[in-house]
Amino acid sequence: MPKTKFQDFIYTIIMVILMVYGMVCYNVSLNVGGMQNFVFLEAFKELPIMGTIAFLLEFLIIGKLAQKLAFRLVNPKEDKPIFVVLAISSMIVCLMCPIMSFIGCLLFGQVTIDTFIARWLQTFVLNFPMAFFYQIFYAGPFVRWIFKKIFRNS
């Protein structure tokens, strides 16, 4: 896990790219009725916008808030590191998913004022299980593995 601000910056960039790309692929496939080959390329179009927003949110606000909330559940000095990681990751998903679903609906949802809240709630409810399991079982472990390879001597 990151020990310096620079490491946190790199870790957040890698995590945001993987999470945002995966979630954009998921949302595009939901919008077109299922996964299709073009979805993988289409997701790259939204990645710069959603990735920048997600990075700024996570790096400046959500990361610190998620740690505070997680440390109400676990104690980093007493609990096993995996429980600390899972608690922080879970809190990040709990905070980022509704916010990013809101922003995604705002920017790409093709909704009206009358349908916005319903569409946002639907998007959030559909995104949450995907974001949670993708973070806990795939993106999180993969990013931590990459991070350890990059900063193995730190």
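Computed from heavy atoms alone, side chains included, the values below leave out hydrogens, waters and symmetry copies.
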Of all heavy-atom pairs between [X] and [Y], which one has the smallest distance, and what is that distance?
X	Y	value
Val16	Gly51	CG1-O, 3.3 Å
Pro98	Trp120	O-NE1, 2.9 Å
Ala54	Val20	CB-CG2, 3.6 Å
Ala131	Cys97	CB-SG, 4.4 Å
Ser90	Phe132	OG-CE1, 3.4 Å

What I'd like to find out is whether the side chain of [X] reaches to under 4.5 Å of the side chain of [Y], using heavy atoms alone.
X	Y	value
Thr112	Thr115	yes
Phe40	Met35	yes
Lys5	Phe59	yes
Met50	Leu107	yes
Leu73	Met91	yes
Leu106	Phe116	yes
Met100	Asn127	no
Asn27	Phe108	no

TODO: Check for a donor-acceptor pair, side chain of Ser89 on one end and backbone N or O of Val85 on the other, with a separation under 3.5 Å.
DONE: yes
Open item on the list: I'd like to know if the side chain of Gln7 and the backbone of Lys3 have a donor-acceptor N/O pair within less than 3.5 Å.
Closed with: yes
Open item on the list: If you apply the rule side chain to side chain contact (heavy atoms under 4.5 Å, CB included), what do you find for Ile146 with Leu18, and how did you get there?
Closed with: CA-CA 12 Å; Ile146 290 171; Leu18 239 61; 5.6 Å; no
Open item on the list: Using the ring centroid of each side chain, check whether Phe142 and Tyr138 are separated by less than 6.0 Å.
Closed with: no
Task: Sub-6.0 Å ring centroid separation between Tyr21 and Phe44 - done: yes
Atom [atom1] of [X] with >12 non-hydrogen neighbours under 6.0 angstrom:
X	atom1	result
Lys64	NZ	yes
Asn37	CG	no
Ile117	CD1	no

- [ ] Take Phe102 and Thr123 through the test side chain to side chain contact (heavy atoms under 4.5 Å, CB included) and record every step on the way to the result.
- [x] CA-CA 8 Å; Phe102 182 88; Thr123 302; over 6 Å; no
TODO: Assign the ring pair Phe124 / Phe128 to parallel, tilted or perpendicular, where the plane angle (0 to 90°) is split at 30° and 60°.
DONE: perpendicular
Rounded to the nearest 0.5 Å, how far apart are [atom1] of [X] and [atom2] of [Y]?
X	Y	atom1	atom2	value
Cys94	Ile99	SG	CD1	11.0 Å
Ser29	Tyr26	OG	OH	7.5 Å
Ile53	Ile103	CD1	CD1	5.0 Å
Gln67	Ile92	CD	CD1	7.5 Å
Leu30	Cys25	CG	SG	11.5 Å
Phe147	Met1	CZ	CE	7.5 Å

- [ ] Apply side chain to side chain contact (heavy atoms under 4.5 Å, CB included) to the pair Glu42 and Val32, showing each step before the final yes or no.
- [x] CA-CA 11 Å; Glu42 192 67 28; Val32 298; over 6 Å; no
Task: Worked verdict on Phe55 versus Phe9 for ring-ring contact (aromatic ring centres under 6.0 Å, His included) - done: CA-CA 9 Å; Phe55 175 82; Phe9 180 81; 5.3 Å; yes
